[in-house]
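Step one of this worksheet: look at the structure below.
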Amino acid sequence: MHGHHDFDLYEAIYTTRSMRRLKPDPVDPALIVKVIEAATMGPSGHNRQPWIFVVVTEQNSKNFVAERYRKAWETIFTPTEREVVANDPQSQRGRNLRSAKYLAEHIADVPVMIFACVKRYTDRARAGQPMVGAIYPAIQNLCLAARGYGLGTSITGMHTMYGKEIDAMLGVPPEYANLILIPMGYPKGRWARPDRKPALAVTFWEKWGVQRNSVAD
Ligand SMILES: Cc1cc2nc3c(=O)[nH]c(=O)nc-3n(C[C@H](O)[C@H](O)[C@H](O)COP(=O)(O)O)c2cc1C
């Protein structure tokens with residue numbers, strides 16, 4: 001129906017995790033538009049569709065963003081985390097941090113940066129607040145669709161620490177919030193199931209705190 005190949009929904013969901021090690025190979029603009037189209041299938045309050053996706057592939061712009069992303073990472077990367085990366089790189093936390101560090105150090109080389117921007121409310125109660133609820137379903141759709149095309153993504157927010165400068169460079173107007181930067185490209189690494197708590201561990205039944213050890217009875 002959508003003119004693309006079959007890709008199992010559950011395989012996409014269960015193998016889409018942050019893919020931060022990306023090859024520099026360019027991505028066909030037609031594919032970029034396909035993943036953005038998938039993003040736009042997401043829901044939004046009153047179907048406002050308050051999103052704009054800014055695609056960046058020019059090296060100068062990527063360098064500008066990378067410089068700031070890296071500075072943000074250097075301030076966020078705590079001494080404790082540095083120690084984890086140095087001494088315990090194979091723990092789950094160590095691997096996550098190492099991967100995040102890799103992205104911070106190589107983000108200038110990713111082929112595509114997609115900035116997910118969302119409108120701000122204008123009513124009195126919420127004036128200025130971004131319509132955050134609308135952007136995350138869209139972003140997850142984008143990441144899943146990218147997975148279907150063999151493209152790795154991650155959801156990052158660190159650029160917002162230098163948001164004013166980045167928005168000025170990209171020309172993002174003040175009516176929009178540039179919330180998420182999605183680096184996208186073909187993966188260097190392998191797809192794998194994300195490390196997550198078991199569903200039953202995060203499920204309460206009828207009342208808060210009531211858990212089941214199994215649902216087979
Ligand atoms: C709102 C949001 C912001 C995030 N910001 C960053 C970021 O700035 N840099 C980064 O490397 N990862 C970022 N992440 C990715 C998370 O660190 C990652 O999803 C989490 O560690 C789980 O790892 P996995 O996706 O590989 O399973 C962000 C994720 C979300 C949802």
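Every number for a ligand or one of its atoms is a count from 1 in the order of the listing. All heavy atoms count here, side chains included; hydrogens, waters and symmetry mates do not.
Near A100, the atoms of ligand 1 lying under 4.0 angstrom from a non-hydrogen atom of the residue are 11 (O). Residue contact check: T156 has heavy atoms under 4.0 Å from atoms 4 (C), 5 (N), 6 (C), 7 (C), 8 (O), 9 (N), 10 (C) of ligand 1.
What sits closest to atom 22 (C) of ligand 1 on the protein, heavy atoms only, is R196 NH1, 3.8 Å. Protein heavy atom in closest approach to atom 17 (O) of ligand 1: R20 NH2, 3.2 Å. When hydrogens are left out, the protein atom nearest atom 4 (C) of ligand 1 is I155 O, 3.1 Å; that is the closest non-hydrogen contact.
The shortest distance between side-chain heavy atoms of I76 and M161 falls below 4.5 Å.
With values rounded to the nearest 0.5 angstrom, L144 atom CG is found 8.5 Å from T15 atom OG1. To the nearest 0.5 Å, the span separating CG on N96 from NZ on K101 amounts to 14.5 Å. The line from CD1 of I155 to CD1 of I114 is 11.5 Å long, rounded to the nearest 0.5 Å. To the nearest 0.5 Å, the span separating CG on L170 from OH on Y176 amounts to 14.5 Å.
Between Y102 and the choices R21, K188, R20, the side-chain hydrogen bond (donor to acceptor under 3.5 Å, both in side chains) rule is met once, by K188.
For ligand 1, the polar-atom distance check against Y136 finds no nitrogen or oxygen pair separated by under 3.5 Å. Close N/O approach between M158 and ligand 1 is found [any backbone or side-chain N/O within under 3.5 Å].
Taking only non-hydrogen atoms, the option from P194, S18, G157 nearest to atom 24 (P) of ligand 1 is S18.
Only the side chain of Y69 comes within 4.0 Å of ligand 1, judged by heavy-atom distances. Counting heavy atoms under 4.0 Å from ligand 1, residue N96 touches it through the side chain alone.
Between K34 and E37 there is a salt bridge, since a side-chain N of the basic residue sits under 4.0 Å from a carboxylate O of the acidic one.
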